[in-house]
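Indexing begins at 1, ligand by ligand and atom by atom, following the structure's order. The first residue in the sequence is number 1, and the count goes up from there.
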Amino acid sequence: MKMEKDLIITIDGPSGVGKSTVAKSVAKYLGLTYLDTGAMYRAIALQVKRNPLNINNDEELSSLLANTNIKFVNNEDNVLIIFLNNEDITDKIRSPEISRLSSDVATKNLVRKKLVEIQKEIGLNGNIVVEGRDMGTYVFPDAKFKFYLDATIEERAKRRNNQLTQSGNNIGADNMIKEIELRDKQDKERLESPLHPAPNAVIIDTTNLIADEVINRIIAEVKGE
Ligand code: DC
């Protein structure tokens, strides 16, 4: 298949649906760059945690953001490493606390403005698979391929806890369902770019699918099969 130079594939969806696993594999298979925009919101959350402030105060938030530099590097194993002011924070942004705080900071206009600017700049070169909440609706409305992954809340809680087990952060099924419900509500009801499928996105209910099935479905769509 001949790849277009400015190909952008967006993958949006709620917490715990498996976007990262899928987006990473699709990017690898198609030889595209992978961008995890949730990691950017998580980086800001870590910055807020380390420099406690009232995120509702625009002046305080703006001065923190002015001192916040976020960079991505794909290492030799094609793993995305995220840097906050030159510190590798890849392993420090996956805790339940940061998940919660990232959803809070993501409601703030100032935060979104800064991160969307960076995302658009990275997207300028195309050849990218971007995952997040507002990639197809707001950041890359002209993307050639848009996907929206969904799954029941029970299934998403199970997937998220399985992921967290590896780092010793499993919080149990009931707690995780509550966490995800809260984040869904906040991500879907916020005023700034709330989570919803773009009108022209392909919606995939992944509840009963394994990751490979979702990946193959996306690749087939992109290849026009
Ligand atoms: O995908 P994730 O769980 O790593 O995202 C963390 C939080 O960041 C999520 O609760 C909502 C927010 N987010 C967002 O608002 N917009 C994006 N494009 C990506 C993430």
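In terms of protein heavy-atom proximity, atom 8 (O) of ligand 1 is closest to Y41 CB, 3.4 Å. Nearest protein neighbour of atom 3 (O) of ligand 1, counting heavy atoms only, is R183 NH2, 2.9 Å. Among protein heavy atoms, atom 9 (C) of ligand 1 sits closest to R133 NH2, 3.3 Å. In terms of protein heavy-atom proximity, atom 12 (C) of ligand 1 is nearest to A106 CB, 3.6 Å. The protein non-hydrogen atom at the shortest distance from atom 16 (N) of ligand 1 is R112 NH2, 3.0 Å. For atom 4 (O) of ligand 1, the closest non-hydrogen atom of the protein is R42 NE, 2.6 Å. Closest to atom 7 (C) of ligand 1, if we only count protein heavy atoms, is S102 OG, 3.3 Å.
Under 4.0 Å is where a charged nitrogen must lie from a carboxylate oxygen, and between E155 and R159 at least one such pair does. A salt bridge does not link K113 with D58: every distance from a Lys NZ or Arg NE/NH1/NH2 to an Asp or Glu carboxylate oxygen is 4.0 Å or more. Classification of E87 and K92 as a salt-bridged pair holds, one side-chain N sitting under 4.0 Å from a carboxylate O. A salt bridge between D91 and R94 is absent, with no side-chain N of the basic residue lying under 4.0 Å from a carboxylate O of the acidic one.
When non-hydrogen atoms are compared, ligand 1 lies under 4.0 Å from the side chain of R190 (C-beta onward) but not from its backbone. Within the 4.0 Å heavy-atom criterion, the part of M135 lying near ligand 1 is the side chain and not the backbone.
The hydrophobic clustering, which links ILVMFWY residues whose side-chain heavy atoms are closer than 4.5 Å, places I55 and L182 apart. Hydrophobic clustering of Ile, Leu, Val, Met, Phe, Trp and Tyr side chains at less than 4.5 Å, counting indirect connections, unites L53 with V111. In terms of hydrophobic clustering, with Ile, Leu, Val, Met, Phe, Trp and Tyr side chains grouped at heavy-atom distances under 4.5 Å, F147 and L195 are assigned to different clusters. Residues V222 and V129 share a single hydrophobic cluster, defined by chaining ILVMFWY side chains whose heavy atoms lie under 4.5 Å apart. Hydrophobic clustering (ILVMFWY, side-chain heavy atoms < 4.5 Å, transitive): Y148 and V130 are in distinct clusters.
Atom 20 (C) of ligand 1 has its nearest heavy-atom neighbour, among S15, G38, P14, in G38.
Not a single heavy atom of M40 lies less than 4.0 angstrom from ligand 1.
Of the polar atoms of S99, none of the N or O atoms is found under 3.5 Å from an N or O of ligand 1, judged by distance alone. At a 3.5 angstrom cut-off on N or O pairs, D134 counts as close to ligand 1. Residue T37 places at least one N or O, backbone or side chain, under 3.5 Å from an N or O of ligand 1.
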